[in-house]
Number of protein chains: 2
Amino acid sequence: MPDRPAKTAKSQRTRAAILKAAQELFAEQGYERATLRDIAARAAIDPAMVIRYFGSKEGLFARATAFDLKLPDLTAVPTDDIGATLVAHFVDVWEGSLSNGSLISLLRAAASSDDAANAIRMIFGGQVVPMLARVVPPMELPMRAGLVATQIMGLAVTRYILKVPPVVAMDRAQLVKLLGPTMQRYVVGKL
Amino acid sequence: MPDRPAKTAKSQRTRAAILKAAQELFAEQGYERATLRDIAARAAIDPAMVIRYFGSKEGLFARATAFDLKLPDLTAVPTDDIGATLVAHFVDVWEGSLSNGSLISLLRAAASSDDAANAIRMIFGGQVVPMLARVVPPMELPMRAGLVATQIMGLAVTRYILKVPPVVAMDRAQLVKLLGPTMQRYVVGKL
DNA sequence: CGCATATGTCAACGTTCGTTGACTTATGGG
DNA sequence: CCCATAAGTCAACGAACGTTGACATATGCG
């Protein structure tokens, strides 16, 4: 039973407040440790409201982690720039300048939830693979998409979850320079 | 207050049984979802025994995730084989032929626990970085170690946690061939 | 203005968790 | 063989969780 109230203008503001608080706490603590009471407290409302708005904790999580990677059209970027473009784009996605920080929530949750892991697989299958399909021969598509996944998810895990110091210390330009060639090879290079 | 009983021979068998059950369940479900009751049930003993043996759930987790990566001496492998050697070694570690599967437990737990994330950082600082230090100039050491971390952790996450199909489908030889060059560049290549 | 309806509050529920203490049973050295 | 000591059992605890229903308040259309 998803969602209930969404009629007036004020309700949509509190609804947005709940979503924002949920995204923050899910991203910081993962699904289990982020409690409805904490989320409600951050949104300055009653825990019961969260249930009234989103039906359940799982329903809230589903809404809080729905998003769009806004991936670029690779046929529009010079072949030699594909790797750098992708690294830069994903850093932007995770840093929150594109979308919100909810991919980190999903990643955290995926560590202990098959549903969340499946959600990430769906995102890859529905967004990353189609993007690559435009510049990669079909036969190599699954393998190259998988390789891209290993490097992109590895960056996310070490930088935003494990917080490995040298990875955290790198800025956007460094990441593009260092990881770009890897991504380039995984997408269009010799394997 | 760590550990208590470890006197007789039979006690060490049940102690080992608890540890094994804990490693399995922590690896399968992560720290929060793996309950002491489930662990005790799998070990066929009383939940109270887990506390008597390991003091607390956190104590058990600390014991269940202590391990040695058994990293090779890189000065003993041909420079051109370093990347392939490392990829093969880490696959073995995760697959469980070396050590046990407890690195996956730690990785899962790190998604929602700063302590677990810190434990992984300690492992990298205490085992991976010293290994690389023997073949990498000190100035480049942190950066190269960080890059290695992104690719290694990315492989672990996509293959053993997210279970991205094409990554799961690759066998050891394929992984070595595909990821080896990346690792090679991160350790000794031009950046 | 009046009142139906949406929004928000409050207290409590049932469950599950980690943990504890008192108890019973098995073990092995003197 | 005895009995101190260890291993193992059992029931219960307090706390925290997601969720619920009854109730109070605010909103906005007629």
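These numbers come from a predicted model, not from an experiment. The figures that follow rest on heavy atoms only: side chains count, while hydrogens, waters and symmetry mates do not. Per chain, numbering begins at 1; letters A, B, ... match sequence-line order.
- Between the C1' atom of C:dG8 and the CE atom of A:Met49 lies a distance of 5 Å, rounded to the nearest Å.
- Following rounding to the nearest Å, A:Arg13 (CZ) and C:dA6 (P) show an atom-to-atom distance of 18 Å.
- C:dT19 atom P lies 18 Å from atom OH of B:Tyr53, rounded to whole Å.
- In this structure, B:Asp81 has no side chain to side chain donor-acceptor pair (under 3.5 Å) partners at least two apart in sequence or on a different chain.
- Take B:Thr35 and apply the side chain to side chain donor-acceptor pair (under 3.5 Å) test, not counting sequence neighbours, and it matches B:Asp38.
- Between A:Gln12 atom CD and C:dA6 atom C1' the separation is 13 Å, expressed in whole Å.
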Sequence neighbours left out, cut at 3.5 Å: what donor-acceptor pairs do the side chains of residues 141-149 of chain B make with other protein atoms?
| from | atom 1 | to | atom 2 | distance (Å) |
| --- | --- | --- | --- | --- |
| B:Arg144 | NE | B:Tyr186 | O | 2.9 |
| B:Arg144 | NE | B:Val187 | O | 2.9 |
| B:Arg144 | NH1 | B:Glu140 | OE1 | 2.5 |
| B:Arg144 | NH2 | B:Arg185 | O | 3.2 |
| B:Arg144 | NH2 | B:Gly189 | O | 2.1 |

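- The interatomic distance linking B:Ile51 (CD1) with D:dT9 (P) rounds to 15 Å, in whole Å.
- B:Asp73 pairs by the side chain to side chain donor-acceptor pair (under 3.5 Å) definition with B:Thr75, B:Arg134, not counting sequence neighbours.
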Check nucleotides 15-17 of chain C against the protein and report each pair of N or O atoms closer than 3.5 Å, with its distance, or say if there are none.
none

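- Per the geometry, CG belonging to B:Leu60 stands 14 Å off C1' belonging to C:dT19, to the nearest Å.
- The distance between atom CG of A:Asp46 and atom C1' of D:dG18, rounded to the nearest whole Å, is 13 Å.
- Summarising the geometry, the separation between CD1 on A:Ile39 and P on D:dT19 is reported as 11 Å, rounded to the nearest angstrom.
- For A:Glu58, the side chain to side chain donor-acceptor pair (under 3.5 Å) criterion is met by no residue, not counting sequence neighbours.
- At a cut-off of 3.5 Å, with distance as the only test, a side-chain donor of B:Glu32 or B:Ser112 sits close to an acceptor on the other residue.
- Annotation: of the two residues near DNA chain D, A:Glu58 and B:Ile45, the 5′-most nearest-nucleotide partner is B:Ile45.
- The phosphate of D:dG18 (OP1 or OP2) has no side-chain N or O of A:Ser56 nearer than 4.0 angstrom.
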